[in-house]
Number of protein chains: 2
Amino acid sequence: MATIKDVARRAQVSTATVSYVLNGTGTVSDATRARVLAAVAELGYQPNYSARALRTRSHTIGVVAPGIASRLADPATAEILAGLSEAATAAGYCLLIAAPTDSEAEGELDLRLARSGRVDGLILFDLHIDDERPALLTNAHIPTIAIGAPTNGVACPIVGFDLRAGAEQATQHLIRLGHRRIALLTVPSDLSISEPFYAGYVTALHAAGLRRDATLVIEAGTSEDDGVAAMQELLAARTPPTAVLAATDTLAFGAMHALRDSGKVVGQDVSVMGCDDLPLAAHTYPPLTTLRAPRRELGATLARHLIGLIERRTVPPVTLLPVRLIVRHSTAAPRAAG
Amino acid sequence: MATIKDVARRAQVSTATVSYVLNGTGTVSDATRARVLAAVAELGYQPNYSARALRTRSHTIGVVAPGIASRLADPATAEILAGLSEAATAAGYCLLIAAPTDSEAEGELDLRLARSGRVDGLILFDLHIDDERPALLTNAHIPTIAIGAPTNGVACPIVGFDLRAGAEQATQHLIRLGHRRIALLTVPSDLSISEPFYAGYVTALHAAGLRRDATLVIEAGTSEDDGVAAMQELLAARTPPTAVLAATDTLAFGAMHALRDSGKVVGQDVSVMGCDDLPLAAHTYPPLTTLRAPRRELGATLARHLIGLIERRTVPPVTLLPVRLIVRHSTAAPRAAG
DNA sequence: ATATTTTGCTTAACCGATTAACCGCTTAAA
DNA sequence: TTTAAGCGGTTAATCGGTTAAGCAAAATAT
């Protein structure tokens with residue numbers, strides 16, 4: 001493989017001049033520049049990445065995600081990665097994916113990748129309440145952006161979806177259809193996105209003069225089975241809800257399953273809403289009314305902000321992307337409208 | 001950030017000794033080793049990645065996938081990546097994701113990443129018939145593994161699913177249920193996986209003494225809409241099929257949609273099968289009978305083989321992972337049996 | 001007792017780029 | 001006319017590791 005020395009020799013200049021030409025720095029005459037570029041083309045020269053990174057930066061963005069714990073295998077994550085990868089590449093950065101192992105937890109891996117200079121900054125998925133990673137990394141002066149909701153005093157900038165407004169809009173949609181007993185299926189309360197979703201739900205209820213019924217709010221998990229269990233719990237109550245708002249599409253799929261298994265018709269008997277608009281949401285039976293979260297755009301925004309941080313520009317501490325109501329056929333007026 | 005020099009100074013040895021201790025090479029006394037390790041711990045020393053990579057290898061595996069063209073956003077891809085990432089990390093490698101742009105096509109980007117030493121080897125997705133990438137990269141002595149089916153004379157090792165056997169098994173399943181008019185929805189014929197799937201279908205038909213009816217074989221695209229269109233075409237025929245085997249779950253979803261839209265009941269009126277077993281396949285209505293492709297395992301195998309190639313071990317030219325029939329409720333005996 | 005090998009470590013070259021410092025020459029300013 | 005500034009390059013230090021070569025002391029073989 002040709003090195004910068006080979007190019008310099010062929011163009012009859014020093015390696016410094018070659019470097020200046022290739023980086024557009026320094027002052028080089030047109031004639032010399034042409035000779036250098038010709039030599040580069042003739043040799044098919046490609047600057048060595050490691051050598052360059054050793055003196056400058058790695059131009060790499062890190063994502064640490066557990067493969068097994070299904071984070072990486074999640075279709076929603078995939079779309080975020082797609083947006084991230086495109087925006088990063090456009091800015092001259094690449095995306096590095098690493099999986100934590102038994103011997104090296106997520107935070108440690110984050111730290112190692114950054115401190116070894118393998119990445120210039122990190123994107124944090126699955127931000128928890130009291131997550132130690134933002135402070136850990138920010139204290140070590142490692143550029144970091146987290147995906148999630150702004151919980152009190154997170155030590156790094158955050159980009160996420162405006163789930164509060166989204167949940168409010170979704171709840172309003174159900175209220176306008178005539179629903180009064182609207183259940184909420186939330187994700188575990190230690191995930192940062194749990195709180196704003198709940199807040200939006202409550203806001204919409206109050207705005208419509210409805211009171212929150214604690215028995216209608218269920219803290220489910222994140223899997224479809226969790227959605228099934230939560231729905232079964234709701235159905236077992238004396239007065240089951242006429243509508244269910246789930247904090248994720250996956251939970252909504254579970255709820256739909258449970259309803260179908262108990263002989264109810266989703267939409268006609270009980271309305272179900274989700275949040276995410278996964279590709280499959282349009283293809284369930286019936287197609288799911290949900291909130292569309294712009295995941296590609298989230299990825300692109302994450303990339304822009306993180307690169308901004310890396311290149312020492314200021315970035316907003318909190319950026320919330322709007323979600324949009326997508327009405328399909330899993331919601332309808334309650335059967336015995338009353 | 002502490003460097004190897006700082007560690008050497010603190011442990012009162014040369015940098016070479018520190019390097020030997022950290023890499024387990026050379027001969028170092030226990031006492032010295034202990035001093036070095038203590039210094040490493042006290043300083044929180046982390047070897048610089050770029051410096052190490054400059055002398056050795058990048059220990060990085062590259063994946064070039066277009067974000068927009070949805071490859072990266074595909075849930076099936078996500079699972080392959082998860083397996084890839086885990087196996088790579090376990091072997092001390094990381095995964096680098098880059099997106100081609102308007103100005104740099106996939107093959108060029110592959111080449112640049114490898115020739116600049118940013119990656120040690122590459123995984124090729126979406127292998128086409130007459131794909132130029134395997135030869136391009138292999139001729140440049142770049143370790144490369146492709147995902148797909150073994151087409152004649154591919155220049156690099158291949159790992160994929162045994163779709164031929166899978167399609168045969170799927171077709172047999174439909175035949176055993178009593179179907180005689182079985183349609184096939186294939187992916188575009190320039191994708192390497194198209195041919196073996198077709199071959200398996202034909203083999204099963206012949207083994208059962210059935211003749212292939214060309215009007216029942218439709219070359220669809222890859223999207224769900226393509227599946228819808230293909231199914232509509234089949235339904236418009238004089239004698240529509242009683243069963244449809246789609247080469248991917250996504251096409252099968254489209255077929256199910258088209259059937260529902262035309263008033264048919266999937267399973268009872270027309271059986272539908274897919275291939276992939278996407279997470280959502282279990283959650284459609286009715287749940288889809290399909291072939292389970294072990295995508296995580298594919299990812300892990302890809303990683304192992306590529307790392308083998310990088311570390312100059314021999315790897316098998318073709319590795320096909322078996323797929324497994326998953327019977328759910330989208331297939332049943334034909335209505336008017338016989 | 002001497003020769004040979006092994007052990008444990010150091011020295012220094014090297015990987016391939018970037019970049020500060022410098023230098024001779026030309027041109028503009030004082 | 002003298003001085004300063006600008007141009008177009010070169011030289012060499014540097015980034016932070018790895019590793020071949022070498023060397024003194026200790027262990028083993030003859």
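Please read all numbers here as calculations on a predicted model, not as lab measurements. So that the names make sense, note that chain A is the first sequence line, chain B the second, and so on, each numbered from 1.
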**Report entry** Nucleotide-resolved protein contact map, nucleotides 8-16 of chain D, B/S/- at heavy-atom distance under 4.0 Å
**Finding:** BSBB--BBB
Query raised in the report: Roughly how far, to the nearest 0.5 Å, is the CZ atom of B:R118 from the OG atom of A:S50?
Result: 9.0 Å
Table please: side-chain donor-acceptor pairs of residues 25-32 of chain A below 3.5 Å, with sequence neighbours left out.
from  : atom 1 : to    : atom 2 : distance (Å)
A:S29 : OG     : A:T32 : N      : 3.3
A:S29 : OG     : A:T32 : OG1    : 2.8

Report summary line: Counted 5' to 3', the first and last nucleotides of DNA chain C within 4.0 Å (strictly under) of a heavy-atom of chain B are C:dG8 to C:dG16
Query - Exam field: side chain B:Y49 to backbone B:S58, donor-acceptor pair closer than 3.5 Å - result: yes
Query raised in the report: Any sub-3.5 Å donor-acceptor pair from A:T138's side-chain atoms to A:A155's backbone N or O?
Result: yes
Query - side chain to side chain donor-acceptor pair (under 3.5 Å) against B:S14, all qualifying residues, sequence neighbours excluded - result: B:T17
Query raised in the report: Is there a donor-acceptor contact under 3.5 Å from the side chain of A:S19 to the main chain of A:T15?
Result: no
Report task. Inspect the surroundings of CD in B:Q12 and state if more than 12 heavy atoms from other residues, nucleotides or ligands are less than 6.0 Å away. Result -> no
Requested in this report: Give a yes or no answer on whether the side chain of B:T60 reaches the backbone of B:L96 with a donor-acceptor pair at less than 3.5 Å.
Outcome: no
**Report entry** Main-chain N/O of B:L136 paired to B:N139 side chain as donor or acceptor, under 3.5 Å
**Finding:** no
Identify the pairs formed between an N or O of the protein and an N or O of nucleotides 23-26 of chain D at a distance under 3.5 Å, and give each distance.
none

Report task. Output all residues satisfying side chain to side chain donor-acceptor pair (under 3.5 Å) with A:E106, sequence neighbours left out; order by chain, then residue number. Result -> A:R133
